[in-house]
Amino acid sequence: MTAPTRGEDESQAPVIAEFVDTTKRFGDIVAAERLNLQIRRGEFLSFLGPSGCGKTTALRMLAGLETPTEGRILIDGQDMGDAPAHRRPVNMVFQQYALFPHMTVAENVGYGLRQRRPRMDRAEIARRVDRALETVRLSDFGPRRIWQMSGGQQQRVALARAIVNEPKVLLLDEPMAALDAKLRGEMQMELLSLQRVLGITFILVTHDQQEALSMSDRICLMGQGRIVQIGTPRDLYDRPANRYAAGFVGSANMLDATVQSTADGQARVALADGSSVTVFSAGDRAAGDRVAIAVRPEALRLSVSDSVDAGATGFAATITHKTFLGEHIECLLHHPVLGQLQVNVPRQAERSLPGADVGRTVHVLWDHGSGLILGQD
Amino acid sequence: MRIYATLVYLFLYLPIGIIALFSFSAGRSASQMQGVSVVWYGKALSNPFVIDALKTSASVALTSAVLASVFGTMAALALTGMKGRLRVLFDAMVYIAIMIPGIVIGIATLIALVTVFDSVNPWLEPLTGYRLSMGFASLTAAHVLFTMSLVIVIVRARIEAMDRSLIEASSDLGASPLATFWQVTLPLLFPAILAGFLLAFTFSFDDFIIAFFVAGSETTLPIYIFSSIRRGVTPEINAIGTMVMATSLLLLVLAQTMLRRAGTSKQ
Ligand SMILES: Nc1ncnc2c1ncn2[C@@H]1O[C@H](COP(=O)(O)OP(=O)(O)O)[C@@H](O)[C@H]1O
Ligand SMILES: [Mg+2]
C-alpha cells in the first residue's frame, strides 16, 4: 500500500470513506444529523467534540454496528447499504478494548484472520500474528492471557487485533481515554508512527482537543450531532468557524465589535470601548455590521509602560488572577467595558513585566492582524 | 446470637450427620451405632434392586439435565433479545415455574399426560401396537419442565453480565452471527450452562415427589428408598442415603465453583 507522506497535498489522495447526508436517530434523539464528509486514503482524521455529540455514532455507522436512518455510507466507493459489520473492510478499536477473555493474546490477534473464507493457512496466520505483535512491541506476549496484561498492553493487543486484518480504515473510539496521562502521551506517539508505517487511514474519536490537534491531519469538529467545521488543526485553531469552534478548540477571548472598513480578507473593527483593531475576516462584511471577534490569549500581550508601539492597539485592564502553568502564566484581567480578558504571558516575557501582580492595572496590547471575525453559529 | 446460630445449624444438620454416621455401623439397627464398618455400603452396592434404581435415576438425571441445559440456554438467549411487556411476562413465568411446589408439578404433569395418553392411545395402539404410558419419558419430561427454569435463570444472569461489545468486536473482525455464537457467546456462557446442568442433574437425581407421580413402572433411587423404608429401615438405607447426599453435595459444590469462575473471569 502506498500512502501519501505527510506534507504532500493530501487532497490528491482518493476518497476511501464517505458520509452522504447521513442521519441517525434513536427514537426522538438525533444522534447524527446530515453528516457530509469525505475521508481520504492514508489520512489521520479525528472526530472531535464533547461527550454526547454523536462521534461514536458516526464511527459505528462506518463500522456497520449502527444503520443510518437516512443517507448513505460509502467505503472505497461502494455503498455499504445495510451491509453488516462482518462484511465491511474496516476494523475498530473499542473504547474498553473488548478483548476476548477466553482467548490468549495471540488467539485474540488472530481472530480476524481465522474468520477469512477461504480459510487462511494456519502457519500464515501465526506469521501475521507474530508480525502484528511485533509492530505493537508485544512480541513475547502471545501465549499470555488477557487478564495478565496491563491496561496499556491490552490497548496494544486491541490495536494489533485490528491492524492484522489490514483494514481499509481503522476506527478508534477514544482509545486513550482509559490510560493515565503519561501512558496516553506515549500511546499517541506510537499510534502516529504506526499510522505512518502502515499507511492505513485512521479515524479517531476523541473529546480531547489537545489529542486531536496534535495527532490529526484533519479534524472534524462536531456539536449536537452536526459537523461544525472540518479542517486541519491549524485551520481550526487559527480560523475557527464560529463561537463554538473558537471556544472548544483552545480558548479564546470573544468580543462584540462593529465593522468599520474591509479590505482583502482583513477588516478594521471598533470594539465596545471605542478602540479599533485590524482582524482577519473570511466572509463578506460591510461597514456597520455587528460581529463577534475572537482572539487567542497568547496573541495578546501585556505591558507595564504606557507607550503603545505602532501596529498595536492597547487598553488598560486590571489583573484579577494569575495562574502559573509552567511554560506560561495565565492572566485574567478585568476591563470596565470589554469585561473579562485572558492573556497568556510566556515565561520569558514575564521578566519585562516588573510588578504586574494581581490588582495592578496594566496595558493589554492587541497586535493588528491578531484575531478574527467569527461566523454565525 | 452465636449460640442461637449454632443451635439452628445443629438442628438442620444433626439428623443428616447421624444418618451418615449410622451408615458406618456394623450392627443391624438403623438407629444405633454398633461398631464401625462399611458392610452396609457393600450390601447396598451388591443389591441388584439398588443398582437398577441407581441406573434409572442416573439416566433420567443425565437425560433431563442435558435437555434442560440445551432448551434452557436457547430460551435464555431468546429472552435476551426480547423487550417490553412480553419479556416481563416470560420472566415472571420462569420464576413461577421455579416456585411452584414439586407436588403441584407432579400432579399437574400426571393429569396432563394421562389426558394426552388417553386421547392418543385409542388410535395409536391399533395402528402401531404401541401405547403410551408413564415411565422414563414422562419422568424426564417433568424434570425438564422444572430444571429448565433453573438453567434459564442462571444463563440469563450471565448473559446480562456479558460485555455486549465482545459480540460487536467479533462481528467487526469478520465473524458471521453463527460464527460469533460458537466462538464467543457459547464459550463465555459455558461455565453458567455447566453450572445449570449440574444443578438440574442434582435436582432430578434427588427428586422424589414428582417422580412419585409420573415415574410409572420406573423405580428411581428415591422411590426405592421410600418403598424399602416401609419394610423397615436398615443401615443399608442410611448408606444409600449418604451416597446420594454425597453425590449431590459434590455436584452442588462443582456448580458453585463454575458460577464463581464465570463471575470472576475478566469481561
Ligand atoms: N443505542 C442508543 N440508543 C439511544 N440513544 C443513543 C444510543 N447510542 C447513542 N445514543 C444517543 O445519541 C447521542 C450521541 O451519542 P454518541 O454517539 O455516543 O456520542 P459521543 O460518542 O460523541 O459521546 C447521545 O445523546 C446518546 O445518548
Ligand atoms: Mg463516545
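Just so we're on the same page: letters track the sequence lines, and every chain starts at 1. Heavy-atom basis, side chains included; hydrogens, waters and symmetry copies ignored.
- A side-chain donor-acceptor contact under 3.5 Å links B:Asp172 to the backbone of A:Met92.
- Heavy atoms closer than 4.5 Å to chain B are found in the side chain of A:Asn165, but not in its backbone.
- Put simply, of A:Ala158, A:Pro89, A:Ala85, the one with the most heavy-atom pairs under 4.5 Å next to chain B is A:Ala85.
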Show the numbers, then the answer: is there a side-chain contact (heavy atoms from CB on, under 4.5 Å) between A:His102 and B:Phe190? CA-CA 11 Å; A:His102 59 296; B:Phe190 187 70; over 6 Å; no

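- The CD atom of B:Gln183 lies 8.5 Å from the CZ atom of A:Phe100; values are rounded to the nearest 0.5 Å.
- Taking each heavy atom of B:Thr180 and A:Tyr111 in turn, the nearest pair found is CA-OH, 4.3 Å.
- Interface residues of residues 112-128 of chain A toward chain B, defined by a heavy-atom distance below 4.5 Å and sorted by number: A:Gly112, A:Gln115.
- Two residues are said to be in side-chain contact when any heavy atoms from C-beta on lie closer than 4.5 Å; A:Pro101 and B:Asp163 fail this criterion.
- Contact count versus chain A (heavy atoms, under 4.5 Å) is highest, among B:Ser170, B:Pro177, B:Ala179, B:Pro187, for B:Ser170.
- For B:Phe181, the CZ atom sits in a packed shell: over 12 heavy atoms of surrounding residues, nucleotides or ligands are nearer than 6.0 Å.
- Heavy atoms of other residues, nucleotides or ligands lying less than 6.0 angstrom from CZ of A:Phe26 number more than 12.
- Remark: A:Asp82 CG is loosely packed, at most 12 non-hydrogen atoms of other residues, nucleotides or ligands lying under 6.0 Å away.
- Remark: B:Ile98 CD1 is packed, more than 12 non-hydrogen atoms of other residues, nucleotides or ligands lying under 6.0 Å away.
- Pairing each heavy atom of A:Arg161 with each of B:Ala169, the nearest pair is NH2-CB, 3.6 Å.
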